[in-house]
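Here is the structure we will look at.
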Amino acid sequence: MTDHGSQPNPPEKPARNLDAYRAHYAERTAGMTASEIRALFAVASRPEVVSLAGGMPNLAALPLDSLAAEVARLVSEDGQVALQYGSAHGVPELREQICDVMALEGISAHPDDVVVTSGSQMALDMVTRIFCDPGDVILAEGPSYVGALGSFAAYQAEVVHVAMDDDGLDPAALRQAIADVTAQGKRIKFLYTIPNFHNPGGITLALPRRAEILEICAQHGILVVEDNPYGLLGFDGKALPALRSMDADNVVYLGSFSKTFASGLRVGWVLAPHAIREKLVLTAESATLCPPTLNQMIVSRYLSTHDWQGQIKIFQEQYRERRDAMLSALEQYMPAGCTWTRPDGGFFVWLTTPEGVDTKAMLPRAVTQRVAYVSGTGFYRGGFGSRQMRLSYCYPTPERIREGVRRLANTLTEEMELVRTFGTVPQRSVPGPQAPSPDTA
């Protein structure tokens, strides 16, 4: 007998795949996700929005007229070299000048051990590529640079965050992380650290801790990868000794001209022990054949014809003024319960909101109020950071910074009122404390 009151279920339609190549991709592409910062650019670049999101250097202070003349002279006099293929190792004169730059931080290096790259991001990608197999562990501060996390994910490495406090990476937490990973039978390939004016934390590794961190890593056979794009941008004008200056055998140093000259030229470098350097050159050849010769020669001409150390002092003064404007505005406008770091250099302040606030969920409402920031979730692997945000003071004028903080504080106050009225937002990710992170309470 047929049951006329019921209808047979229609056959299920196969799910429609919008990407016809999905089945052909390598497994490692599953870890490749869009940067939360890149996703913000389209909105944050609108003139009515005060962007406290991107870490774009303020290039207005550069001597653009004299640079334009120098570039024209370079092409006219040496165009057949500047516009030709070059070496994957980098232009020799620039490598010698890079050694002079690093000497300001106490590093003694030979030009042969310097490999020029298309930005320090390329150097970071290369180091990860030659060291990490899928499943290998990289230790990294919590929070950590979003570009580094993207590279680590692309090579299917596991990131274990190590807690920071106001003095930087915590040695006790580092020892515990090493013990935990070792107990699980996993391989730690290197410690990735930004010791000076950390991105995004704004924290600087205290001098007494530097030797201790290096000693811990040496004891356990763990390489240290020191990423130092902001090291010359301290507000007291004194460069801190690089980790590489304290241990030349176990530290790979990443540097960049993106923050101290021009980010658009994409010129960085990696200084590595000799054996590692050989593999870096081979990796660079397979990735780009050679970094752009013209861009390297522009940087080299700039270093030889301009007062580049005087220009760095100008940047230091400008960024200090902007930092002061942000800290003053945070004190004036932020609601009770918020805490933030107080950087001694670099570009960023790391802000922690009261319990119940989800900075990623709040971001669209902040953009509606014409202010943008980066949620803390983008700087972790594993679900931390939903109460935190990175604020950048390097690009806007002091007046725009103050207005942006005022708008952000208004948005945050409204969000806190919603939390008080309707309760906290359920966690999107793993439960637990919003740590590891700089302790600013």
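We're numbering straight along the sequence, starting at 1.
The CD atom of E141 sits 10.0 Å away from the CD1 atom of I203 when rounded to the nearest 0.5 Å. Remark: R400 CZ to S51 OG distance equals 9.0 Å, nearest 0.5 Å. To the nearest 0.5 Å, atoms OG1 (T182) and CD1 (I188) are separated by 4.5 Å. Rounded to the nearest 0.5 angstrom, T339 OG1 and W350 CH2 are separated by 11.0 Å. In this structure, OH in Y253 is found 4.0 Å from CG in N228, a value given to the nearest 0.5 Å. The distance from atom NE2 of H198 to atom CE of M164, rounded to the nearest 0.5 Å, is 4.0 Å.
Salt bridge present: R365 and E415 bring a charged side-chain N and a carboxylate O closer than 4.0 Å. Using a cutoff of 4.0 Å between basic side-chain nitrogens and carboxylate oxygens, E403 and R407 are scored as salt-bridged. The pair E226-R210 does not meet the salt-bridge criterion, since no charged nitrogen lies less than 4.0 angstrom from a carboxylate oxygen.
Counting heavy atoms from C-beta on, the side chains of L243 and D247 never come closer than 4.5 Å. For the pair K360 and S386, the minimum side-chain heavy-atom distance is 4.5 Å or more. Considering only heavy atoms from C-beta on, M326 stays 4.5 Å or farther from W340 through its side chain. For the pair D170/V162, no side-chain contact is recorded, criterion being any heavy-atom separation below 4.5 Å from C-beta on. Under the 4.5 Å side-chain criterion, counting only non-hydrogen atoms from C-beta, S245 is in contact with I107. Side-chain contact between T353 and M362 is absent, with no heavy-atom pair separated by less than 4.5 Å. Residues L174 and C217 form a side-chain contact, since some pair of their non-hydrogen atoms from C-beta on lies under 4.5 Å apart. Side-chain contact between R390 and N199 is present, with at least one heavy-atom pair separated by less than 4.5 Å.
Shown here for L169 and L205, the closest heavy-atom pair between the two residues is N-CD1, 3.7 Å. Minimum heavy-atom separation, A325 to I401: C-CG2, 4.2 Å. When all heavy atoms of C99 and V114 are compared, the closest pair comes out as SG-CG2, 4.0 Å. Looking at every heavy atom in both residues, Q316 comes nearest to F235 through O-CD2, 3.6 Å. Shown here for P335 and M416, the closest heavy-atom pair between the two residues is CG-SD, 3.6 Å. When all heavy atoms of S258 and P57 are compared, the pair lying nearest together is O-CG, 3.3 Å.
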Inset, instruction - Quick one: do L149 and V159 satisfy side-chain contact (heavy atoms from CB on, under 4.5 Å)? Show the steps, please. - result: CA-CA 8 Å; L149 297 179; V159 175; 4.1 Å; yes

Inset, instruction - Evaluate the side-chain contact (heavy atoms from CB on, under 4.5 Å) criterion for residues M122 and V270: first the C-alpha distance (whole Å), next the side-chain angles of each, then the deciding distance (0.1 Å), finally the verdict. - result: CA-CA 9 Å; M122 176 184 171; V270 53; over 6 Å; no

Inset, instruction - Go through the steps for Y373 and L391 under the test side-chain contact (heavy atoms from CB on, under 4.5 Å), then give the verdict. - result: CA-CA 6 Å; Y373 59 86; L391 303 178; 3.7 Å; yes

Inset, instruction - Could you please spell out the steps behind the salt bridge (Lys or Arg N to Asp or Glu O under 4.0 Å) verdict for R420 and E417? - result: CA-CA 5 Å; R420 283 191 290 268; E417 183 60 34; 2.9 Å; yes

Legend entry - Verdict with reasoning, F197 to F347, per ring-ring contact (aromatic ring centres under 6.0 Å, His included): CA-CA 8 Å; F197 323 126; F347 287 3; over 10 Å; no

Inset, instruction - Could you walk me through whether V267 and L94 pass side-chain contact (heavy atoms from CB on, under 4.5 Å), step by step? - result: CA-CA 10 Å; V267 177; L94 178 59; 4.0 Å; yes

Inset, instruction - For side-chain hydrogen bond (donor to acceptor under 3.5 Å, both in side chains), just list the numbers for Q184 and D180, CA-CA rounded to whole Å, side-chain angles, deciding distance to a tenth of an Å, and then say yes or no. - result: CA-CA 7 Å; Q184 296 170 26; D180 292 344; over 6 Å; no

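Within a 6.0 Å radius of CG in D65, no more than 12 heavy atoms belonging to other residues, nucleotides or ligands are found. In this structure, F315 places its CZ atom where more than 12 heavy-atom neighbours from other residues, nucleotides or ligands lie under 6.0 Å away.
Between F261 and Y302, the ring planes are parallel. Angles under 30° get that label, and only those over 60° would be called perpendicular. Ring geometry for F384 against Y380 counts as perpendicular: the plane angle is over 60°, on a 0 to 90° scale with 30° as the lower cut. Between W269 and F257, the angle of the ring planes lies from 30° to 60°, which puts this pair in the tilted group.
T341 places a side-chain N or O within donor-acceptor distance of the main-chain N or O of G201, the cut-off being under 3.5 Å. Side chain of R244 to main chain of V251: a donor-acceptor pair is present (N/O by atom type, distance under 3.5 Å, no hydrogens or angles). Side-chain N or O atoms of Q296 include one that pairs as donor or acceptor with a backbone N or O of P291 at under 3.5 Å. The closest donor-acceptor contact from the side chain of Y333 to the backbone of R402 lies at 3.5 Å or more, if one exists at all.
T359 and Q388 share no donor-acceptor pair across their side chains, judged by distance under 3.5 Å alone. Using a 3.5 Å distance cut-off with no hydrogens or angles, the side chains of S300 and Q97 do pair a donor with an acceptor. For the residue pair H306 / Q311, no side-chain donor-acceptor distance below 3.5 Å is found, with atom types taken as modelled. For the residue pair Q369 and N410, no side-chain donor N or O sits within less than 3.5 Å of a side-chain acceptor on the partner. Counted by atom type alone, Q121 and Y145 present one or more donor-acceptor pairs between their side chains at under 3.5 Å. For the residue pair Y192/D227, the side-chain donor-acceptor check at 3.5 Å is satisfied.
For S108, the side-chain hydrogen bond (donor to acceptor under 3.5 Å, both in side chains) criterion is met by no residue, not counting sequence neighbours. For D125, the side chain to side chain contact (heavy atoms under 4.5 Å, CB included) partners are S151, Y155, not counting sequence neighbours.
Residue M389 is tested with L408, T352, V357 for a side-chain contact (heavy atoms from CB on, under 4.5 Å); the sole match is L408.
Judged by the 6.0 Å distance and 45° axis criteria, R322 is not positioned over the aromatic ring of Y393.
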